[in-house]
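Here's the structure we're looking at; comments come further down.
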Amino acid sequence: MIECVPNFSEGQNLHVIKQITDEIEKTEGVHLLNVDPGKDTNRTVVTFAGTPEAVCEAAFLAIKKASELIDMSRHQGKHPRMGATDVCPLIPVSGISMEETAEFAKKLGKRVATELGIPVYLYEHAQTNPARSNLSVIRAGEYEGFFKKIKQAEWKPDFGPAEFPVRSGATVIGAREFLVAYNINLNTTSVRRANAVAFDVREAGRMKPTPMPGTLKCVKAIGWYIEEYGIAQLSMNLTNTSITPVHIAFEEVCKKANERGMRVTGSELVGLIPLQSLLDAGIYFLKKQQRSIGVSEKELIKIAIKSLGLSELGSFKPEERILEYLLQDKSRSRLVNMTLENFVNETASESPAPGGGSISAYIGALGIALGTMVANLSAHKPGWDERWEEFSNWAEKGQKLQSALLKLVDEDTLAFNKIMAAFGLPKTSEDEVRYRNQVIQDATRYATEVPLKVMELSFQAMPIIKAMAETGNPNSVTDAGVGALCARSAVIGAYLNVKVNAGSLTDKSVAVSLINKGAAIEMNAKLLEHEILETVNKRLNPS
């Protein structure tokens, strides 16, 4: 899978934008993820993903439609631009290397130039000439200056004619890492002041009077005024969030703006953002408050949105702006997304799934959730301030186990469905029978390994629960006890599924190995449960 994030030089006429995105949506194998028009920039950032061939086809059709609908000779906007489709990057998502993605970018560029007559420049990983790999260097002079620039020998397009089309302009196509387009809002209307902060922080820094690099690596920034909002912003491209994360960029801009007598009032995301960027931000701001980071993914995202002020200019909906949420297969989390009542009713229905395996996983998740709760309560207990980090670490470990066990609620049912699907395969010939038998065995082994994983994770939860029973908030010691009961029950319940599924495996050595692993976990879980309950009862009755 690859992602494509073309920027079209139209952000005001929604009818034109819709015609362009329709070309993307009609392409089979492509998912349109986000459309983000900007009125003052007069530019729309579109995000879609799919197989490389399908994405390239959709990109070509969108570029073609944009060249037909957008007249660059009439275009005005705050953002630098050189064409109707200003830039069209391809980004590897999964199962493909950057080198392979760059080859697709080159093929797309050649097709755009050949079939549409649009000059194409390659950039980033698709460009072999380092002097021409930076987008801002290629785009320097913008649309108005390119009529002369394109005639210079060093700026001959990589593909297409060395003639600058008046209507469509030129296009930059390439392959790059995931980029976060991020704007930070200032309490000023001065573009000059905003640019001063941009020069302070961007990697290139300021060139005059003396070259001086900025404080943030892998960051491009410029100041501008957005009439729609009545404020100046720092428009930033974070080209490598593992080097400069979103929250670090935000904090540094806050610092530099304050030094220049301004204040950051919030921020704005353009396009999509990886889930980890918001989780890291949530963790960062909770740590600054000396609060436990062992909270749910949803809570971390909420903290990040509030702390970064992402909702200042408009509602920020995580389900529409986080890349992984848009790409996720919702059928793989059908059960955990149910209400408690619907889940119970689904379990009670005549359908054999969800069954004991899924219920065991859920019981395990509830067990460690109780342990995590005790850790969070202990981290925030008055008078225990010096121990907040100790309990936060326990809660963080518990939260990870809880998330993993919740995934297994659906995974156990999906594993059962695989067995049922395998039994439904045809068996009219010897080859079909052989294939069917092999698929049944593979599905059965997987259906044995899933509850074994439930056992392992539920057992891993028990030392955390034990620590909370021993050292956690004494007012919640019974919660730790109930957590231990749940974790032990999850282990025993999942082991029943291991044994019944392993009994159908024809490879008896594998079956015995899986059963023996489960037996050891079950025995140790029962012993640990006994220890935890003894601790709980002693703290309840210290005499």
Side-chain angles (χ1 to χ4, degrees), residues 274-276 278-279 282 293-303 317-373 375-376 395-421 443 446-461 464-465 479 482-483 485-498 501:
L275 172 62
Q276 196 59 49
L278 289 184
L279 297 182
I293 62 174
V295 296
S296 68
E297 181 175 290
K298 185 176 181 180
E299 185 64 19
L300 286 176
I301 292 169
K302 179 182 175 182
I303 292 291
K317 298 178 180 178
E319 65 275 11
E320 296 177 1
R321 307 307 293 274
I322 295 175
L323 177 64
E324 288 86 345
Y325 287 1
L326 289 165
L327 292 175
Q328 69 184 353
D329 181 357
K330 294 181 180 178
S331 67
R332 301 193 70 85
S333 55
R334 186 180 72 88
L335 295 175
V336 296
N337 288 329
M338 287 181 174
T339 64
L340 280 174
E341 182 180 8
N342 288 343
F343 183 75
V344 169
N345 289 337
E346 180 76 8
T347 303
S349 71
E350 61 186 16
S351 170
S358 290
I359 300 304
S360 295
Y362 190 48
I363 292 172
L366 289 173
I368 188 56
L370 283 167
T372 302
M373 180 190 78
N376 280 322
E396 184 182 19
K397 291 175 184 177
Q399 192 64 233
K400 288 178 180 177
L401 287 171
Q402 177 188 314
S403 296
L405 281 162
L406 279 176
K407 286 185 175 69
L408 292 175
V409 172
D410 276 285
E411 199 61 37
D412 188 85
T413 293
L414 292 171
F416 174 80
N417 291 339
K418 282 184 180 180
I419 294 177
M420 294 296 98
Y446 185 65
T448 309
E449 290 170 343
V450 170
L452 184 63
K453 187 67 175 176
V454 172
M455 294 182 72
E456 291 169 346
L457 294 175
S458 298
F459 180 67
Q460 288 173 30
I464 299 172
I465 296 168
D479 297 305
V482 175
L485 292 169
C486 288
R488 185 268 291 156
S489 296
V491 169
I492 296 174
Y495 188 39
L496 295 176
N497 282 265
V498 170
N501 291 331

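Applying the ring-ring contact (aromatic ring centres under 6.0 Å, His included) definition to pairs two or more places apart or across chains, those involving residues 333-368 are F343-Y362.
A heavy-atom distance below 4.5 Å is found between the side chains of D412 and P451. The closest side-chain heavy-atom distance from E456 to F459 is not below 4.5 Å. Side-chain contact between V491 and Y495 is absent, with no heavy atoms from C-beta onward closer than 4.5 Å. Residues S458 and L405 meet the side-chain proximity criterion, which asks for heavy atoms closer than 4.5 Å. K453 has its side chain out of reach of V450: every pair of non-hydrogen atoms, C-beta onward, lies at least 4.5 Å apart. The shortest side-chain heavy-atom distance between I301 and K298 does not fall under the 4.5 Å cut-off. Inter-residue side-chain proximity for L275 and L279 is flagged as met; some heavy-atom pair is nearer than 4.5 Å.
Shown here are the salt bridge (Lys or Arg N to Asp or Glu O under 4.0 Å) partners of E297, two or more places apart in sequence or in another chain: there are none. For E320, there are no salt bridge (Lys or Arg N to Asp or Glu O under 4.0 Å) partners at least two apart in sequence or on another chain.
Rounding to the nearest 0.5 Å gives a distance of 8.5 Å between CG of D410 and CE of M338. Here I465 contributes atom CD1 and I368 contributes atom CD1; the two are 5.0 Å apart, rounded to the nearest 0.5 Å. Between atom OG1 of residue T372 and atom CG of residue D479 there is a gap of 12.0 Å, rounded to the nearest 0.5 Å. In this structure, R334 CZ and N342 CG are separated by 10.0 Å, a value rounded to the nearest 0.5 Å. One distance of note links CZ of R332 with CG of N337; it measures 13.5 Å at 0.5 Å rounding. Taken to the nearest 0.5 Å, the CD atom of E324 stands 9.0 Å off from the CD atom of Q328.
The backbone N or O of E299 lies less than 3.5 Å from a partner atom in the side chain of S296, making a donor-acceptor pair. Of the possible polar contacts, none joining the N376 side chain to the A395 backbone as a donor-acceptor pair under 3.5 Å is found.
Looking at every heavy atom in both residues, V454 comes nearest to A494 through CG1-CB, 3.8 Å. I419 approaches A447 most closely through the heavy-atom pair CD1-CB, 3.5 Å. Across every non-hydrogen atom of A353 and F416, the tightest pair is CB-CD2, 3.8 Å. For I363 against C486, the heavy-atom pair with the smallest separation is CG2-O, 3.1 Å. In this structure, A404 and L457 approach most closely via the heavy-atom pair CB-CD1, 3.7 Å. Closest approach of Q399 and G294 over heavy atoms only: NE2-O, 3.4 Å.
Applying the side-chain hydrogen bond (donor to acceptor under 3.5 Å, both in side chains) test between S358 and each of T413, T347, N497 identifies T413 as the sole match.
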Between I464 and L401, does the side-chain contact (heavy atoms from CB on, under 4.5 Å) criterion hold? Intermediate values first, please.
CA-CA 10 Å; I464 299 172; L401 287 171; 3.8 Å; yes
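Heavy atoms from other residues, nucleotides or ligands lying under 6.0 Å from CD of E319 number more than 12.
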